[in-house]
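Below, chain A is the first sequence line, B the second, and so on; all start at residue 1.
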Number of protein chains: 2
Amino acid sequence: MQVIQIYKCMCDALRLRILNVLQDGPLCVCHLMEIFDCEQVKMSKQLRYMKELGMVVGERQAQWIVYRLADSCDPLLAENLKCLQDCAGEELCFAEDRNKRAEIIARLREEPCGCPTAVISE
Amino acid sequence: MQVIQIYKCMCDALRLRILNVLQDGPLCVCHLMEIFDCEQVKMSKQLRYMKELGMVVGERQAQWIVYRLADSCDPLLAENLKCLQDCAGEELCFAEDRNKRAEIIARLREEPCGCPTAVISE
DNA sequence: CCAGCATATGCAGCAAGGGGTATATGCCGG
DNA sequence: CCGGCATATACCCCTTGCTGCATATGCTGG
């Protein structure tokens with residue numbers, strides 16, 4: 001039941017925020033950790049969960065693993081992600097997360113660290 | 001965090017189906033049980049959970065309790081419920097549930113059972 | 001082959017969710 | 001006040017999810 005999977009993925013704050021930033025492009029784990037100030041284990045496990053639900057895919061690039069939204073991104077999911085921006089008044093700052101992502105990408109262009117995030121997000 | 005509550009409510013198949021039929025109007029517990037062929041305890045517990053999440057409200061009418069979507073039905077929820085109709089291809093038959101509801105309402109008009117469902121859904 | 005970085009996995013503990021059985025509550029009609 | 005209907009609650013058990021700690025894996029550069 002695909003629909004349920006989607007809601008299962010979105011019913012946790014961190015997962016929802018992850019989906020939100022991945023809208024703007026792929027990210028490797030280290031930068032997801034940075035954006036959400038999140039421990040490695042925690043991030044890794046949430047990503048695994050989301051992968052099992054079929055919402056994201058991870059692709060190895062050298063020592064990094066780059067995550068992005070699954071290709072067959074359901075229109076229902078896409079629609080909901082679009083709506084997140086309107087929830088600015090709430091506790092979770094989806095717009096802020098996306099800004100943080102943009103800052104990281106900008107920084108990586110200045111001082112590349114080898115991680116493929118910046119290249120991919122061209 | 002309102003958004004998360006919404007997704008928490010929708011991430012279970014039965015709850016999602018309940019929300020779906022309540023779109024068409026209030027129902028008392030006995031008819032919800034009939035539509036989903038569901039035990040009383042199970043139904044009662046899911047309704048309680050949904051009430052705690054603020055998604056539905058229950059109002060006593062004589063010996064029955066009539067449930068409906070909460071007044072402050074978030075636009076995000078409304079949008080998602082609308083989309084359910086498009087998921088007809090999937091396992092869960094949202095349209096079928098709504099038909100079942102319509103049948104019950106029709107039957108109650110013929111042979112009222114005292115329960116307020118039919119009256120309310122005028 | 002080794003050291004180091006990025007990421008994943010195994011295990012254990014704990015909270016939340018979901019199901020079932022039994023029982024309680026609230027309302028009604030007599 | 002009693003019996004019966006509609007619904008809720010308490011209690012128990014099982015499964016799932018989340019967290020943290022420790023450790024493993026996969027890749028790279030030397």
### Query
In chain order, what residues pass the salt bridge (Lys or Arg N to Asp or Glu O under 4.0 Å) check against A/Arg98, with sequence neighbours excluded?
A/Asp24
#### Entry: For A/Asp12, all residues meeting salt bridge (Lys or Arg N to Asp or Glu O under 4.0 Å), sequence neighbours excluded
none
### Task
Between protein and nucleotides 10-17 of chain C, map the contacts as a letter string: B base, S sugar-phosphate only, - none, heavy atoms under 4.0 Å, written 5' to 3'.
BB-----S
### Nearest-angstrom distance from the residue atom NZ of A/Lys42 to C1' of D/dC21
15 Å
### Task
In whole angstrom, give the distance that lies between atom NE2 of B/His31 and atom C1' of D/dT7.
14 Å
N/O donor-acceptor pairs under 3.5 Å from side chains in residues 33-40 of chain B, not counting sequence neighbours:
residue	atom	partner	partner atom	Å
B/Glu34	OE1	B/Arg107	NH2	3.2
B/Glu34	OE2	B/Arg107	NH1	2.7

### Candidates D/dA6, D/dA8, C/dT7 - which lies nearest the side chain of B/Ser44
D/dA8
### Query
Roughly how many Å is it from CD in B/Glu34 to C1' in D/dC5, rounded to a whole number?
16 Å
### Query
How many Å lie between CE on A/Met33 and C1' on C/dC5, as a whole number?
12 Å
### Query
Reading nucleotides 23-30 of chain C from the 5' end, what letters show protein touch, with B for base, S for backbone sugar-phosphate only, - for no heavy atom under 4.0 Å?
---SSS--
### Task
Please determine, for the side chain of A/Tyr67, which listed nucleotide (C/dT7, C/dA8, D/dT7) has the closest atom?
C/dA8
### Task
Calculate the interatomic distance between B/Met50 atom CE and D/dA8 atom P; express it in whole Å.
13 Å
### Query
Could you state the CD-C1' distance from A/Gln46 to C/dT7, rounded to the nearest angstrom?
15 Å
### Message
Regarding A/Lys82 and A/Glu79, does a basic nitrogen lie under 4.0 Å from an acidic carboxylate oxygen?
### Response
yes
### Summary
Residues passing the side-chain contact (heavy atoms from CB on, under 4.5 Å) test with A/Cys30, sequence neighbours excluded, are A/Cys28, A/Trp64, A/Cys115
### Query
Judged by modelled atom types alone, do A/Tyr7 and A/Asn80 share a side-chain donor-acceptor pair under 3.5 Å?
no
